[in-house]
Amino acid sequence: MSRYDPIAVETKWQKIWDQTKLYEVGEDPDKQKIYATPMLPYPSGVGLHVGHVRNYSISDVVARYHRQQGFNVMSNIGFDSFGLPAENFAIKTGTPPWISTQANIKNFRNQLKRLGISFDWSREIDTSDPEYYKWTQWVFLKLFEKGLAYQAESLQWWCPHDKTVLANEQVENGRCWRCGHEVERKRMKQWFFKITDYADRLLDATDALDWPESIKTMQKNWIGRSVGAEVDFKVDGSNEIIKVFTTRPDTIFGATFMVLAPEHPFLESIVTKDHQEEINSYISLTTRQTEVSRMDTNREKTGVFTGAFAVNPANGEKIPVWVADYVLMGYGTGAIMAVPAHDERDWEFAQKFGLPVIYVFDREDGGKNSYYDGEGKVINSGKYDGLKSAAAKDKIVKDLANEKLAAEKVNYKIHDWLISRQRYWGAPIPIIHCPKDGAVAVHSKDLPVKLPEVKNFEPTGGATSVLATVEDWVNVPCPKCGGPAKRETDTMDGYACSSWYMLRYTDAHNTDKAWDPAKANYWLPVDFYFGGDHAVSHLLYFRFWNYFFADQGWVNVHEPVKKLVFNGYINAEDGTKMSKSKGNVVDPLEVIDSGYGADALRIFELFIGPYDQDVNWNTNGVAGCYRFLNRVWTLTQEYLANNEPDMSNGEAGLQIKRISHKAIKKVSNDLPAFNFNTAIAAMMEAVNQLYKAKAEHDYHFNKQAWHEALSQLLQLLAPFAPHIAEELWHQLGYEESIHVSGWPKFDAGLIQEGLVTLAVQINGKVRGEVLIAADASEHDALAAAKEEPKVAEYLKGHKINKVIYVPQRLLSLVIS
Ligand code: ANZ
């Protein structure tokens with residue numbers, strides 16, 4: 001009897017699957033498609049760790065489950081190889097990124113192949129391959145053509161460690177998403193994609209997505225639509241007008257002071273001489289604070305009076321103008337009308353600096369010692385008194401608008417997507433700057449604009465990337481006038497590359513087009529997208545691009561992903577994050593090669609807990625999953641080695657049938673609901689019961705029933721542990737791959753609770769069995785027995801003299 005040797009089994013089948021191209025697919029209009037794919041990885045130098053493997057295991061179970069049922073399933077892999085992670089690794093190791101990246105990809109590819117993930121490898125993509133980034137550049141040009149890619153100067157996040165600007169989405173708690181260094185503000189001219197043009201549509205479509213609620217909420221908050229008004233406050237004794245954005249124009253009579261952000265451009269011109277010094281030192285103190293800490297409502301309020309006053313346009317009152325860092329320059333207009341009676345932050349500020357409080361709502365609780373941020377009936381507001389908030393809002397804005405002092409305004413928290421980077425390792429922005437014609441698009445026939453190989457690829461720390469120093473690359477004729485011009489030297493952030501790759505997978509090797517719409521329309525939307533990161537970056541960016549593509553008619557659907565499956569993290573055994581610096585990273589190959597194999601690892605990754613929760617790694621758990629697979633192996637070997645004649649013991653046959661059908665029911669319910677851990681538990685339970693049944697019946701195999709039960713069990717196991725399932729399936733005598741063999745169906749009658757198998761004896765010998773209700777009467781039991789063909793055969797022509805009925809166990813008949 002052969003022993004379970006996972007490495008041998010896995011290597012054998014990985015080779016056969018490759019040779020038979022089992023997972024390669026094409027468009028088949030007769031088959032229903034399923035596009036199930038994980039987020040593509042960055043090929044970092046560390047390689048995949050067991051945390052990443054969870055993502056691929058989940059993705060593969062879902063892909064295989066559908067493929068086995070006969071769907072036309074496409075599952076893909078590619079490498080997001082441009083960008084900071086790859087470049088930083090190259091810098092650290094001193095190897096040029098075009099070399100180190102390929103080495104890392106090779107390592108990743110090997111790891112993924114050894115895991116037996118059912119990718120269509122013929123569609124593999126690499127975003128730093130000119131064949132790929134040619135089309136990323138093409139998308140850039142299309143956006144540029146439509147006014148959706150533009151250059152502008154503004155204050156940006158700057159990472160002093162990675163020496164580049166960052167998009168807002170790449171700043172997490174005031175730190176660089178990549179290196180964790182605190183970010184700074186820098187005024188620079190940069191390239192943006194106009195995602196704000198799509199903010200409304202993206203927001204309005206979010207609720208209907210079949211995505212986790214938490215991700216949808218994050219996206220809605222990130223887009224952050226606020227409906228309100230911009231109102232003009234004239235600075236007293238000057239011509240400056242300070243515009244404020246407010247969502248509560250109904251509180252304007254309660255505005256007792258104004259606050260400007262420390263970065264506000266008017267500050268310089270309105271501050272009075274005697275306040276200049278104090279203001280200057282306040283500005284230098286606050287602009288070093290991160291925006292995130294400035295938004296923290298629990299922070300002690302700080303601020304300085306400018307010496308200037310403004311006129312409240314609603315009532316002509318003069319109110320003092322202050323500077324405080326709780327007002328952010330990047331939102332609204334960077335200035336507010338402060339209403340301490342009805343806003344928490346304004347209340348705290350007024351308390352600290354002794355500023356007046358005027359309530360403009362009739363408060364039901366009568367309290368006057370706190371702010372009230374609800375709505376109500378307006379008071380202290382002149383002719384608007386008595387109106388309810390909503391009506392007052394409308395009327396006040398309308399009246400001020402008539403005097404050109406206000407306008408309705410919708411504000412968004414989301415800003416345009418900053419795409420340019422002062423880094424070498426990215427797709428060059430296909431723009432040529434001409435002193436005469438300005439920013440001119442590279443002709444699409446001249447794409448790709450290839451990244452030249454350079455000796456020194458370290459970031460300069462200045463406003464340009466090192467590409468600026470590559471004279472023969474930078475200096476080119478203007479595509480419009482032919483005069484001397486210079487290439488744009490910023491590159492695109494990696495998030496551009498990953499915003500359209502699911503379309504490229506549908507037509508990965510097209511050299512004429514980014515993709516063929518007919519192919520994209522067959523495959524899109526992605527039915528299942530698997531990931532555990534990038535909630536408001538990648539997952540918003542690619543929606544935006546896909547909307548743009550759909551608007552151009554390049555693909556039919558606007559939303560690229562139907563179902564987002566967002567998995568939890570796997571932390572180290574001690575609960576801390578796995579990271580190379582802590583030395584607690586577990587390499588999947590180590591687990592596989594220690595003898596457990598990929599199947600046991602995959603099973604464990606899915607068994608470790610509900611897929612969407614964070615869990616801690618536990619190496620012993622893999623051992624347990626290996627033992628389970630070993631039991632499946634041994635059970636099958638014992639069945640195969642058994643040469644005893646088929647006893648056709650009906651009772652035992654029924655018993656094992658019920659075991660496998662119970663498992664089919666449970667796994668068929670749990671798997672599509674993503675309850676992988678309980679599905680695995682059900683298979684483990686079934687294996688235990690089969691062992692028990694085998695012991696009870698002492699190898700008196702009902703061959704056919706055992707063959708069927710083992711086959712079904714393997715079919716259930718196949719999406720989870722594809723190699724062992726395939727091997728044992730063939731050992732059982734099947735020719736085709738288990739992975740296209742169909743999904744077993746259960747017989748509801750067999751697994752009804754409350755049913756028992758009754759042995760039927762005739763003159764002292766068991767002649768058959770019947771499945772009946774546990775509480776069946778003797779009459780019903782006898783009737784059922786008479787209908788059982790084998791029993792009926794024995795009874796033919798005989799008379800029943802005596803009936804002994806032991807409920808739930810036995811029906812004994814004496815015949816003559
Ligand atoms: C007066 C007012 C009275 C406000 C009141 C609120 C309550 P959302 O919903 O987030 O859009 N605000 C405007 N620009 C700001 C900035 N740059 N930094 C900090 N705060 C700013 O919030 C809009 C409200 O946030 C605006 O409405 C403004 O305060 C404040 F009882 O105006 B409100």
Side-chain angles (χ1 to χ4, degrees), residues 154-155 168 185 196 199-200 203 220-233 242-267 286-287 289-297 299 301-303 310 312-315 317 319 321-350 355-363 370-381 384 388-390 392-393 396-397 400 406-415:
S154 60
L155 266 185
N168 294 329
R185 282 297 207 182
T196 51
D200 275 324
L203 185 69
K220 285 192 283 186
N221 291 343
W222 188 261
I223 295 172
R225 178 165 60 197
S226 281
V227 181
E230 264 182 17
V231 184
D232 292 353
F233 283 63
I242 303 173
K243 274 191 188 301
V244 305
F245 171 67
T246 176
T247 47
R248 300 295 306 268
D250 49 330
T251 65
I252 194 164
F253 286 83
T256 53
F257 58 100
M258 292 187 76
V259 185
L260 306 188
E263 303 88 350
H264 200 286
F266 286 2
L267 207 46
T286 53
T287 43
Q289 307 277 347
T290 65
E291 199 154 306
V292 179
S293 75
R294 282 171 57 177
M295 284 193 304
D296 182 357
T297 42
R299 243 169 109 243
K301 296 280 170 299
T302 59
N312 184 335
N315 57 10
E317 294 282 334
I319 55 175
V321 181
W322 285 65
V323 175
D325 67 0
Y326 75 91
V327 174
L328 307 172
M329 195 57 226
Y331 186 61
T333 61
I336 64 159
M337 62 176 207
V339 185
H342 301 291
D343 180 89
E344 182 182 6
R345 293 169 304 173
D346 299 346
W347 167 266
E348 286 170 2
F349 197 81
L355 293 158
V357 176
I358 298 175
Y359 287 90
V360 294
F361 294 121
D362 212 359
R363 284 184 61 179
S370 64
Y371 67 95
Y372 166 70
D373 59 8
E375 306 205 329
K377 213 186 255 174
V378 172
I379 56 168
N380 292 333
S381 300
Y384 304 100
K388 287 211 177 124
S389 297
K393 231 181 240 183
I396 290 173
V397 174
L400 288 172
E408 279 180 19
K409 171 90 186 167
V410 179
N411 249 324
Y412 299 89
K413 293 250 154 55
I414 195 171
H415 294 298

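Read the numbers this way: they start at 1 and go in the same order the structure lists the ligands and their atoms. What you see is a predicted model; the values in this text were computed from it and never measured.
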List ligand 1 atoms under 4.0 Å from [X], heavy atoms only on the residue side.
X      : result
Met337 : 1 (C), 32 (O)
Arg248 : 2 (C), 3 (C), 5 (C), 6 (C), 7 (C)
Lys413 : 8 (P), 10 (O)

Return the closest protein heavy atom for [atom] as residue, atom name and distance.
atom                    : value
atom 3 (C) of ligand 1  : Thr251 OG1, 3.4 Å
atom 21 (C) of ligand 1 : Ile336 CG2, 3.4 Å
atom 25 (O) of ligand 1 : Arg345 NH2, 3.8 Å
atom 6 (C) of ligand 1  : Asp343 OD1, 3.4 Å
atom 26 (C) of ligand 1 : Phe245 O, 3.6 Å
atom 31 (F) of ligand 1 : His342 O, 2.8 Å

Any idea which heavy atoms bring [X] and [Y] closest together, and the distance?
X      : Y      : result
Tyr331 : Tyr412 : CE1-O, 3.7 Å
Thr256 : Pro356 : OG1-O, 2.8 Å
Asp373 : Arg248 : O-NH1, 3.5 Å
Ala324 : Thr302 : CB-O, 3.3 Å
Pro313 : Val231 : CG-CG1, 3.7 Å

*Is any side-chain heavy atom of Tyr371 closer than 4.5 Å to a side-chain heavy atom of Val339?*
no
_Tyr326 heavy atom under 4.0 Å from ligand 1_ = yes
*Please state whether Ser226 comes within less than 4.0 angstrom of ligand 1, counting heavy atoms only.*
yes
*asked:* I'd like the name of whichever of Leu328, Val244, Thr247, Asp325 reaches closest to atom 18 (N) of ligand 1 through any heavy atom.
replied: Leu328
*Crowded around Glu408 CD? As in, over 12 foreign heavy atoms under 6.0 Å?*
no
*asked:* Can you confirm, on distance only, whether ligand 1 has an N/O atom lying under 3.5 Å from any N/O atom belonging to Thr246?
replied: yes
*Take atom 11 (O) of ligand 1 and look for protein heavy atoms under 4.0 Å from it; say yes if you find one, no if not.*
yes
_Please evaluate residues Phe253 and Ile358 with respect to the criterion side-chain contact (heavy atoms from CB on, under 4.5 Å), reporting the C-alpha separation (whole Å), side-chain torsions for both, the decisive distance (0.1 Å), and the verdict._
CA-CA 8 Å; Phe253 286 83; Ile358 298 175; over 6 Å; no
*Picking from Val360, Leu400, Thr246, Asn315, what satisfies side-chain contact (heavy atoms from CB on, under 4.5 Å) with Ile252?*
Leu400
